[in-house]
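What follows is one structure encoded as structure tokens, with my remarks underneath.
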Amino acid sequence: MQAPPAARRAPSSPNAGTRPAAASARPRGAAGARRPAPLEGRRFTPMRRAPGSPELRQRWLIGVTAVIVLVFVARLVQVQVIQGPALAADAQASRLATAVTPAHRGDITDSAGVVLATSVDRYTVIADPVAIQSFRGHGRVDSRGRAVQNGALGVAQLLGPVLDMPDAELAAKLVGESRYVVLAKDVVPRAQRAIAELGLRAYIRTDLVSKRTYPAGTVGGGLLGFVNGEQAGQAGVEAAYDDVLAGSAGSETYERSRDGLRIPAAEQEYTPAVPGDDIHLTLVHDVQWKAQDAVDAAVRKTGAAYGIAVVQDVRTGEVIALADSGAPDPNDRSTAAVAKPSQAVTAVFEPGSTGKVVTMAAALETGAWQPDSQFTVPYRWTAPSGQTFSDSHEHAVEHLTLAGVLAESSNVGTVMAGEGIPLQTRQDYLEKFGFGQLTGLGLPGESAGLMPPDDVTKWDLRTRDTVLFGQGLSANAMQVTGVFSTVANGGIRMAPTLLAGTTDADGEESVPDRPAGERVISTGTADTLLHMMEAVTGEEGTAANAKVPGYRVAGKTGTAQMWLEGGGQTYMASFVGVAPADDPRYTVGVFLRSPHSSIYGGVVAAPVFSDIMSFTLQTMDVPPSEEKYRPLKLTW
């Protein structure tokens with residue numbers, strides 16, 4: 001049996017418990033190195049990992065990656081979910097382009113369809129110099145066979161011949177940082193099509209615009225007015241009927257690519273333009289031309305400041321000519337003349353002797369006097385009011401009938417006749433015949449004129465009598481002409497009008513409602529007064545120069561005072577007449593301001609009336625008078 005391990009241990013020595021000497025305790029190897037101590041009984045300390053350990057780096061990398069992924073996910077959610085619709089809308093909006101389609105403005109024609117104003121398509125050529133910087137010729141050749149360069153010079157090579165501009169001059173306009181440079185205006189459609197064929201849509205665009213033109217030139221020029229750059233009426237008929245003529249613009253919204261080309265399948269929105277209605281005026285082109293030509297000639301002959309002519313259909317109130325001397329051409333916008341309103345409705349003056357027709361109408365209608373009533377008329381006479389009046393020419397005492405007073409245009413005789421007409425009646429008849437009221441034509445700048453106070457008790461002593469012969473009040477040429485049309489129409493006053501009707505884009509015609517005529521005097525009074533007015537154009541009257549061969553003419557001369565702003569006065573010489581007097585059709589009024597050759601309407605205005613009336617009657621195919629004039633007794 002083996003002994004227990006304790007028995008096999010070495011015997012103890014006196015040095016037991018101490019470490020034996022190296023030489024005697026452990027043998028050395030060949031190299032003299034120590035043998036490693038046995039592992040049994042040793043204490044182990046855990047090893048610490050170095051900071052650069054792969055495991056630690058992996059953990060950090062995973063953490064950082066997770067944070068980054070979370071950031072991207074959060075951003076993706078924000079972009080796709082929260083901001084997605086708004087960003088998509090913004091992106092689409094950046095691609096959207098809206099083109100405005102101007103509405104075709106309605107035409108203005110005369111009563112027979114002669115075009116006085118119309119609109120034509122024109123284009124404005126616009127460049128984008130910033131985009132042009134990226135233009136490349138890509139081997140193209142221009143119309144002259146030259147290689148197309150890059151940038152502005154290349155675009156100029158292609159576009160220059162179409163716009164008729166030198167390459168260098170055009171290229172200079174195509175350089176810069178602007179996104180909008182106007183290269184040309186009023187480009188005709190044929191040139192626009194040529195530009196479209198160049199394939200420069202990303203760099204050059206053509207915007208459709210509407211240009212107003214006036215084919216008749218000066219005929220009706222001062223009456224028609226004009227339009228501004230936005231095609232809105234600014235004067236005359238263009239302004240008066242702008243809401244009818246204008247129509248409403250359309251629009252087209254579409255998506256385009258970065259190079260400016262339309263994206264075919266993208267969303268589009270289209271609102272069509274609605275054309276304006278055509279307007280048909282009551283004017284007759286040829287009569288309008290004649291009226292203008294006649295007053296222009298009269299101004300040159302007499303040295304007058306200006307002239308006005310009005311031609312009106314007595315049966316309907318339609319104005320077939322409304323002419324100012326020196327009428328501008330609306331196509332020429334180099335001066336402000338085209339913006340000046342018609343003086344036929346803006347210039348006011350005392351009616352003068354033409355106003356005596358109203359007094360005679362009141363005298364006959366009230367029964368105060370008859371055409372053969374007798375008056376002893378001196379050159380100068382003092383009325384019961386204490387005011388003294390005189391005639392235009394000194395003369396001996398005359399024995400005149402009421403018809404004679406009108407024929408010779410006696411101020412004194414008219415005041416005498418007026419003594420039988422109460423003040424309120426004088427006021428009432430002035431208003432009935434349209435004084436102090438707008439005519440209804442609707443033209444811009446029209447003046448209603450001036451009247452004495454409505455309360456006749458406030459009239460001063462002189463005004464009470466001066467209104468009898470057309471002084472102490474003011475009116476425009478259209479108002480004065482209307483008085484004669486009322487008498488010629490059997491005593492029924494028709495509101496003057498320039499609008500005959502309209503035609504919409506579908507060709508449907510519309511005639512405006514017109515107010516019924518207003519009776520001012522009886523038919524009998526009107527016929528009697530018209531007969532008295534015929535004597536004015538007879539040999540003993542003041543307007544023998546107003547005769548029209550083949551037609552009976554009734555009318556009245558006027559020499560009206562016009563007071564100047566700085567003091568002093570001038571005159572408006574006039575003649576207003578009706579023909580044929582036996583079957584009235586037209587009234588013509590002629591007015592000349594400040595004529596130098598003579599201030600009397602029978603001398604300077606009556607011949608112009610004769611010229612215009614003769615032309616009007618022939619143009620409108622009015623047959624000559626058949627009944628002969630029965631002379632009235634003018635003296636006793």
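Below, each value reflects all heavy atoms present in this structure, side chains not excepted, and no hydrogens, waters or symmetry copies.
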Do the side chains of [Y] and [X] get nearer than 4.5 Å, heavy atoms only?
| X | Y | value |
| --- | --- | --- |
| L406 | M533 | yes |
| P328 | K340 | no |
| L617 | P580 | yes |
| F591 | V576 | yes |
| M478 | V319 | yes |
| Y180 | R205 | yes |
| M613 | Y551 | no |
| K185 | R122 | no |

[X] to [Y] - nearest heavy-atom pair and separation:
| X | Y | answer |
| --- | --- | --- |
| P330 | G225 | CB-O, 3.7 Å |
| R105 | A232 | NH1-CA, 4.3 Å |
| V310 | A344 | CG2-CB, 4.4 Å |
| A103 | G247 | CB-C, 4.1 Å |
| A304 | V299 | O-CG1, 3.2 Å |
| A605 | A573 | CB-O, 4.1 Å |

Any side-chain to backbone donor/acceptor pair from [X] onto [Y]? Under 3.5 Å, distance only.
| X | Y | answer |
| --- | --- | --- |
| Q437 | E431 | yes |
| T346 | E446 | no |
| T218 | G221 | no |
| D242 | G233 | yes |
| T497 | L499 | yes |
| T537 | A554 | no |
| D506 | E508 | no |
| D582 | S625 | no |
| T559 | I599 | yes |
| D277 | V244 | no |

Q: Might you confirm whether atom CD of Q569 has over 12 heavy atoms from other residues, nucleotides or ligands at distances under 6.0 Å?
A: yes
From [atom1] ([X]) to [atom2] ([Y]), nearest 0.5 Å:
| X | Y | atom1 | atom2 | answer |
| --- | --- | --- | --- | --- |
| L281 | E318 | CG | CD | 10.5 Å |
| I108 | Y214 | CD1 | OH | 6.5 Å |
| S325 | D293 | OG | CG | 12.0 Å |
| L443 | Y241 | CG | OH | 7.0 Å |
| Y571 | Y600 | OH | OH | 8.0 Å |
| E350 | M572 | CD | CE | 11.5 Å |

Q | Listed partners of F484 passing ring pair (Phe, Tyr, Trp, His ring centres under 6.0 Å), at least two apart | A | none
Q: Answer yes when D611 and K290 have at least one side-chain N-carboxylate O distance shorter than 4.0 Å, and no when they do not.
A: yes
Q) Salt bridge check: are R315 and D583 linked by an N-O gap of less than 4.0 Å? A) yes
Q: Mind running side chain to side chain contact (heavy atoms under 4.5 Å, CB included) on E534 and R552 for me, showing each step along the way?
A: CA-CA 8 Å; E534 276 196 79; R552 288 167 55 183; 2.6 Å; yes
Do [X] and [Y] have side-chain N/O donor and acceptor atoms under 3.5 Å apart?
| X | Y | result |
| --- | --- | --- |
| T439 | Q479 | no |
| S447 | N476 | no |
| S574 | T354 | no |
| Q234 | E238 | no |
| Q312 | S485 | yes |
| T557 | T542 | yes |
| S409 | K356 | yes |
| S594 | T570 | yes |
| D107 | T109 | no |

Q) Given Y586 and D313, is the side chain to side chain contact (heavy atoms under 4.5 Å, CB included) satisfied, shown in steps? A) CA-CA 5 Å; Y586 296 102; D313 187 322; 4.1 Å; yes
(Q) Out of the candidates T206, D121, T124, only one should pair with Q192 under the side chain to side chain donor-acceptor pair (under 3.5 Å) rule; please name it. (A) T206
**Q.** D621 and R585: CA distance, side-chain angles, deciding distance, salt bridge (Lys or Arg N to Asp or Glu O under 4.0 Å) verdict
**A.** CA-CA 11 Å; D621 294 323; R585 288 295 309 279; over 6 Å; no
Q. Checking side chain to side chain contact (heavy atoms under 4.5 Å, CB included) for the pair D324/I308: CA distance, chi angles, key distance, verdict?
A. CA-CA 5 Å; D324 293 281; I308 302 168; 4.0 Å; yes
(Q) Between Y429 and T359, is the side chain to side chain contact (heavy atoms under 4.5 Å, CB included) condition met? List the steps. (A) CA-CA 8 Å; Y429 273 86; T359 300; over 6 Å; no
Q: Could you tell me how the ring of H531 sits relative to the ring of Y629: parallel (under 30°), tilted (30 to 60°) or perpendicular (over 60°)?
A: perpendicular
